[in-house]
Amino acid sequence: MKLLIALTLLLGMIYCRSASARVAVEDFDNIRLFTLTNKHGLTVKVTNYGAIITSIIMPDRDGQMADVALGYDRVEDYMNAVDKPYLGAIVGRYGNRIARGQFTIGETTYQLAVNNGPNHLHGGIIGFDKVAWDAQPLEGDGECGLQLSYLSQDGEEGYPGNLKVTVTYTLTDTNQLRVDYLATTDKPTHVNLTQHTYFNLKGEGKGDILDHHLTLNAKQFTPVDEGLIPTGELREVAGTPFDFTSAKPIGRDIGQDDQQLQFGGGYDHNFVLAGGDPQDGLPLAARVYEPGSGRVLTIHTSEPGVQFYCGNFLDGRLTGKAGRPYVHRGGFCLETQHYPNSPNQANFPSTLLQPGAEYRTTTTFSFSTD
Ligand code: GLA
């Protein structure tokens, strides 16, 4: 069937008004694949299945291109993959965990789908990563993009309220991928949207990411219990393996005898972003540098937290686009977000969205070399 059509089948190109930033569209049955290209040749591929980023191709310090985003060649691999680890997807209605899949708004307690031990994870059984979104290519001056929309029905996965969601990916000629999130609801509900791309700045499938140098703009993190639910404490990172306030290889302290690292199987924790001076309107969240290639990923966000997950559940069973296995810790995610289980933690920034209000957040991914 048509779903077997490889992502490489090119049907047409839609050019943006700018000199060279453009969007190409490929058929994927009712699922489509869009290629955003900027004037430097940086390309980002996005499918409207799960609003998934399937590929990000960027140069190294010598101009050698590599695909730095983990993913698959065919849409059915996203649908059928072992454990479906959310490669590249937009995650929602609530990214990360909600304890026992329950929260109370006013007098009503809602029971969500439970899909991670006793807890709710990443929107439930059929979250936003597993649905078809409406997609509209965008044209702009020096940028191009894709606007993706989805209506999450009242009751879907147990959540109250019809939630209208729009996620816009914009690729600029300044080598930045901007992700703008917008949502509105007709009943009070909880929303926490994030982007779940796994990066390997050496190139997808090229071993693990333990030698990447990570800086996080975070002086605190939210420690968790065995089920990865935050305890409610905001703990200082100073003097712990969680201190990434200056650049440090991801693997340097990951083997330390530390209860939090044991619970996560490595890093799988939410960091409390410190804010500070905004760049292009947004404070810094993270910077990752890969010494071999010189590739740099810098992330800015309006969100108060970021989940740093270093691919602890990857185990070599998934095979990537170049036919290479995704080994243990073969990619890292930096999921900008509100903190996990916020609906049940009064001291965490609120994720409650009321009718008449707008949920608006922005995260940027900037690609450069050093
Ligand atoms: C998030 C979670 C991890 C894991 C991955 C997907 O990062 O925090 O525990 O579920 O998604 O595999």
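The model shown is predicted, which means the values in this text are computed figures rather than measured ones. Numbering of ligands and ligand atoms starts at 1, following listing order. The first residue of the sequence shown is numbered 1, and numbering continues consecutively from there.
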**Student:** Sequence neighbours excluded, which residues qualify as side-chain hydrogen bond (donor to acceptor under 3.5 Å, both in side chains) partners of Gln153?
**Tutor:**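 Not a single residue meets the side-chain hydrogen bond (donor to acceptor under 3.5 Å, both in side chains) criterion with Gln153.
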**Student:** Looking only at protein heavy atoms, which one is nearest to atom 8 (O) of ligand 1, and how far off is it?
**Tutor:**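 Among all protein heavy atoms, the one nearest atom 8 (O) of ligand 1 is Asp268 OD1, 2.7 Å.
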**Student:** Please state which protein non-hydrogen atom is closest to atom 1 (C) of ligand 1 and give its distance, to 0.1 Å?
**Tutor:**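 Of every protein heavy atom, His122 NE2, 3.1 Å lies nearest to atom 1 (C) of ligand 1.
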**Student:** Please say whether Tyr86 places an N or O atom under 3.5 Å from an N or O atom belonging to ligand 1.
**Tutor:**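 Checking ligand 1 against Tyr86, no N or O pair falls under 3.5 Å apart.
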**Student:** Tyr86 and Tyr309: aromatic ring centres closer than 6.0 Å?
**Tutor:**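 Here the rings of Tyr309 and Tyr86 have centres that are no less than 6.0 Å from each other.
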**Student:** I'd like to check which ligand 1 atoms, numbered from 1 as shown, lie under 4.0 Å from a non-hydrogen atom of Tyr198.
**Tutor:**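 This gives 6 (C), 12 (O) as the contact atoms.
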**Student:** State whether a side-chain donor-acceptor pair under 3.5 Å links Arg235 with Thr240.
**Tutor:**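 Looking only at side-chain atoms, Thr240 and Arg235 do not form any donor-acceptor pair under 3.5 Å.
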**Student:** Regarding atom 10 (O) of ligand 1: of the candidates Leu121, Val224, Asn115, which has the closest heavy atom?
**Tutor:**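 Closest candidate by heavy-atom distance is Leu121.
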**Student:** Keeping Tyr49 on the side-chain end and Met79 on the backbone end, is there a donor-acceptor pair under 3.5 Å?
**Tutor:**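 No, the answer is negative, given that no donor and acceptor are paired below the 3.5 Å cut-off.
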**Student:** Considering distance alone, does some N or O of Glu335 sit under 3.5 Å from an N or O of ligand 1?
**Tutor:**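 Yes: some nitrogen or oxygen of Glu335 is under 3.5 Å from one in ligand 1.
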**Student:** Kindly give the heavy-atom pair with the smallest separation between Pro85 and Leu318, and that separation in Å.
**Tutor:**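 Smallest interatomic distance, heavy atoms only, reads CG-CD1, 3.5 Å.
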